[in-house]
Amino acid sequence: MPELPEVETTRRGVENSVTGQRLAGAVVRNGRLRWPVPSDLDALLKGQVVQRVWRRAKYLIFETQTGSLIVHLGMSGSLRVVSADFPVEKHDHVDLLIESGAALRALRFRDPRRFGAMLWQPAGAGTHPLLAHLGPEPLEDDFTGAYLHAELKKRSTAIKLLLMDNRIVVGVGNIYANEALFRAGIHPAMPGDKLRRAVCDRLVVIVKETLAEAIAAGGSTLRDFVDAAGKPGYFQQNYFVYDRSDQPCFKCGTPIRTTRQGQRSTFWCPHCQSR
DNA sequence: CCGACAACCTGTGAGC
DNA sequence: TGCTCACAGGTTGTCG
């Protein structure tokens, strides 16, 4: 489920419910995620006030006075604000308990595949090894055509794999790598060092636009998902190429082709993405 | 340093 | 229906 737009939508959906709130602790039903959830999570969080909720790459960071809780949604994770007595379902592995007057609420972490993570970092979260060596945020001003061109010059790997390499830029997952390359007219197998500066300028703008559009769409269709009793929805998205193998390209009608790169599915239009 | 790929885990849909 | 297989939005770790 989560690419960067969903993670950012989740952040926006939960931040008002937890910022400035005191935590009553945590309930860990299954701590066997990507890495073990700290066994003393309840004690670590009890009494802490959440000062802000921010995002770095696809990590959500709940900052308190004594440290930061780092949350990753993996492939299938979600976070919702529910009443603490709301019935627990099969893959609801962790509740972060939020004191809010008389009613106890929970920030409930669900993750069927358990590729997600929940880690504690006593100092600033930026010093955590997982966050220490990440490339720029795609939506920030330091992700520029000049920067991308300089990075790609060193590499002959296929551009799609480089776009998904978090040392170069974070937060571009499989869907948006496919979509951005279609929009930019770039063949996904093009070696990185073959992209001219002007093409990099254009690709950077397109990556930003593609992610920003998805965040806007997620925000509009998932507005109340944190309060909903049902499972969180996934925003309706008209993909140009993703998951459209053999279907006609929306621009030229040529059947969309599919292959694998780096053990991930790649979709492209052989006519529109000639270079 | 780089690239290739195995691994973590459950659910779902296609095909037989 | 039920079985088996391939694949799924991510990322780390290991190997050559």
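Chain identifiers are assigned alphabetically (A, B, ...) following the order of the sequence lines, protein sequences preceding nucleic acid strands; residue numbering begins at 1 within each chain.
- Side-chain nitrogen and oxygen atoms of A/Lys154 include none within less than 4.0 Å of the OP1 or OP2 phosphate oxygen of B/dC2.
- Summarising the geometry, the separation between CG on A/Asp165 and P on B/dC1 is reported as 12 Å, rounded to the nearest angstrom.
- Between A/Ser265 and the phosphate of C/dA8, there is a side-chain N or O to OP1/OP2 separation shorter than 4.0 Å.
- The residue A/Leu130 sits close only to the backbone: its heavy atoms come under 4.0 Å of sugar-phosphate atoms, none of a base.
- For A/Arg113 against B/dC9, a side-chain-to-base donor-acceptor contact under 3.5 Å is present.
- The hydrophobic clustering, which links ILVMFWY residues whose side-chain heavy atoms are closer than 4.5 Å, places A/Tyr176 and A/Val204 together.
- Here the nucleotide nearest the side chain of A/Arg114, chosen from B/dC2, B/dC9, C/dC7, is B/dC9.
- In this structure, A/Leu33 atom CG and C/dG10 atom P are separated by 18 Å, rounded to whole Å.
- The phosphate of B/dC9 (OP1 or OP2) has no side-chain N or O of A/His91 nearer than 4.0 angstrom.
- Under the stacking definition used here (centres under 5.5 Å, planes under 30°), the residue A/Phe115 fails to qualify as stacked on the base of B/dC9.
- In terms of heavy atoms, A/Cys272 sits closest to A/Lys251 at SG-CB, 3.9 Å.
- Checking C/dA8, B/dG11, C/dT11 against every side-chain atom of A/Pro112, the shortest atom distance belongs to B/dG11.
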Which protein N or O atoms sit under 3.5 Å from an N or O of nucleotides 5-7 of chain B?
residue : atom : partner  : partner atom : Å
B/dA6   : N7   : A/Gln263 : NE2          : 3.0

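- Listed pair A/Asn30 / B/dC9 fails the phosphate criterion, with no side-chain N or O lying under 4.0 Å from OP1 or OP2.
- Separating the P atom of B/dC9 from that of C/dC3 is a span of 24 Å, rounded to the nearest Å.
- Contact annotation: A/Arg167 does not reach the phosphate of B/dC1 (side-chain N/O to OP1 or OP2, under 4.0 Å).
- Residue A/Ile159 comes nearest to A/Leu195 through the heavy atom pair CD1-CD1, 3.6 Å, listed as atom of the first residue, atom of the second, then distance.
- Regarding A/Asp243, its CG atom lies at a distance of 11 Å from the P atom of B/dA14, rounded to whole Å.
- Geometrically, A/Arg244 engages A/Phe250 in a cation-pi contact, judged by NZ or CZ lying under 6.0 Å from the ring centre and within 45° of the ring axis.
- Base-pair partner of B/dC9: not found among the strands shown (Watson-Crick or G-U wobble, both distances under 3.5 Å).
- Within the 4.0 angstrom heavy-atom criterion, no nucleotide atom of any strand lies near A/Asp111.
- Below 30°, between 30° and 60°, or above 60°: for A/His93 and A/Phe109 the angle between ring planes is between 30° and 60°, a tilted geometry.
- For the pair A/Thr157 and A/Arg32, nearest-nucleotide mapping onto DNA chain B gives the more 5' position to A/Thr157.
- Across all strands, A/Arg264 comes closer than 4.0 Å to base atoms (heavy-atom distances).
- Under 3.5 Å, the side chains of A/Ser265 and A/Arg260 contain a donor-acceptor pair of N or O atoms.
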Verdict with supporting geometry, A/Gln261 and A/Thr266, side-chain hydrogen bond (donor to acceptor under 3.5 Å, both in side chains): CA-CA 6 Å; A/Gln261 291 178 288; A/Thr266 292; 2.7 Å; yes
